[in-house]
Amino acid sequence: MKPLLELHSLGQRIWLDNLSRTLLREGTLAKLIADDGVAGVTSNPSIFFKAISESPHYRDEAAALRRDPAFTPEQRYERLAVADIQAACDLLRPLYDETRGDDGYVSLEVSPALAHDATGTIAAARRLRTAVNRDNVLIKVPATPAGIIAIEALIGEGCPVNVTLMFSLAHVKRVAGEQLLGLMAEKR
């Protein structure tokens, strides 16, 4: 048995912390899902910056977006990233369905510039979730004080959230408490 599949048999799930059109278009991500049991994908602006700057699969679309003055740099980034997130969600959708939502997610981070802006984080998370329009997208939110407020609100709305930047047990406990409050709000 392959080592990653052996981990799966022990109850562990492997996520790929990388996403690019190269992985998508050349079939590498599909192969990792099928052959190695990759159960999810996470992304962030740094991952996408590297992918967009190095992969030839973005050049034409990125150039067209740069020529259009209607798009801000952030909107151009989101346009490119959302397309990749949608494609990855589609690849992982069978796993998401098979596991009834336990596996098969793809994570997309709100802008790090919003780390201290709860209202902005909530608005960005809603916008990104709508843009991706896939049940198996997770919106990644940092566990800053403003992020914790956003996490509770988003979970209360039924938005799947991937919480990041927790560095102590006390911090994890605080975030877990806010997640529970959000879940209770969602049931109302």
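These figures come from a predicted structure and were not determined experimentally.
In this structure, the separation between CD on Q75 and CZ on R127 is 8.0 Å, given to the nearest 0.5 Å. Atom CD1 of residue I85 and atom CG of residue N133 lie 14.0 Å apart, to the nearest 0.5 angstrom. Distance check, rounded to the nearest 0.5 Å: CG of L23 to NE2 of H57 gives 9.5 Å. One distance of note links CG of L92 with CG of D103; it measures 9.0 Å at 0.5 Å rounding. To the nearest 0.5 angstrom, N18 atom CG is 7.5 Å from K50 atom NZ. The structure places CZ of R66 at 11.0 Å from CD of E61, a figure rounded to the nearest 0.5 Å.
The minimum heavy-atom distance linking C89 with V132 is given by the pair SG-CG1, 4.4 Å. When every heavy atom of A81 is checked against every heavy atom of L108, the shortest pair comes out as CB-CD1, 4.4 Å. Closest of all the heavy-atom pairs between D84 and F48 is OD2-CE2, 3.5 Å. Smallest separation of non-hydrogen atoms from I151 and A143: CD1-CA, 4.4 Å. Nearest heavy atom pair, residue I139 against residue C159, reads CG1-SG, 3.9 Å. When all heavy atoms are compared, the tightest approach of S43 to K140 is O-NZ, 2.9 Å.
Using a 4.0 Å cut-off between charged side-chain N and carboxylate O, E157 and R129 make no salt bridge. A salt bridge is defined here as a Lys NZ or Arg NE, NH1 or NH2 lying under 4.0 Å from an Asp or Glu carboxylate O, and R76 with D68 fails to meet this definition.
Side-chain atoms of V110 and P142, non-hydrogen and from C-beta on, do get closer than 4.5 Å to each other. The closest side-chain heavy-atom distance from L91 to V106 is not below 4.5 Å.
Residues I149 and L154 fall into different hydrophobic clusters, defined by Ile, Leu, Val, Met, Phe, Trp and Tyr side chains chained together at heavy-atom separations under 4.5 Å. Each of I47 and L16 belongs to its own hydrophobic cluster when Ile, Leu, Val, Met, Phe, Trp and Tyr are linked at side-chain heavy-atom distances under 4.5 angstrom. Clustering ILVMFWY residues whenever any of their side-chain heavy atoms sit less than 4.5 angstrom apart, transitively, puts V163 in the very cluster that holds V172. Connection of I122 to L114 is not established within any shared hydrophobic cluster, with ILVMFWY side chains joined at heavy-atom distances below 4.5 Å, either directly or through further cluster members.
Judged by distance alone, the side chain of T144 and the main-chain N or O of A115 form a donor-acceptor pair under 3.5 Å. Checked by atom type and distance alone, the side chain of Q86 pairs as donor or acceptor with a backbone atom of A131 at under 3.5 Å. Using a distance-only test at 3.5 Å, with no hydrogens or angles considered, no donor-acceptor pair links the side chain of R93 to the main chain of R134. Side-chain atoms of S55 do not come within 3.5 Å of backbone N or O of I52 as any donor-acceptor pair. Under a 3.5 Å cut-off, the side chain of Y58 and the backbone N or O of A51 do not form any donor-acceptor pair. No donor-acceptor pair under 3.5 Å is formed between the side chain of D36 and the backbone N or O of V38.
When hydrophobic side chains of Ile, Leu, Val, Met, Phe, Trp and Tyr are connected at separations under 4.5 Å, Y105 ends up clustered with W15, Y96, L138.
A 6.0 Å sphere centred on CZ of R21 holds more than 12 heavy atoms belonging to other residues, nucleotides or ligands.
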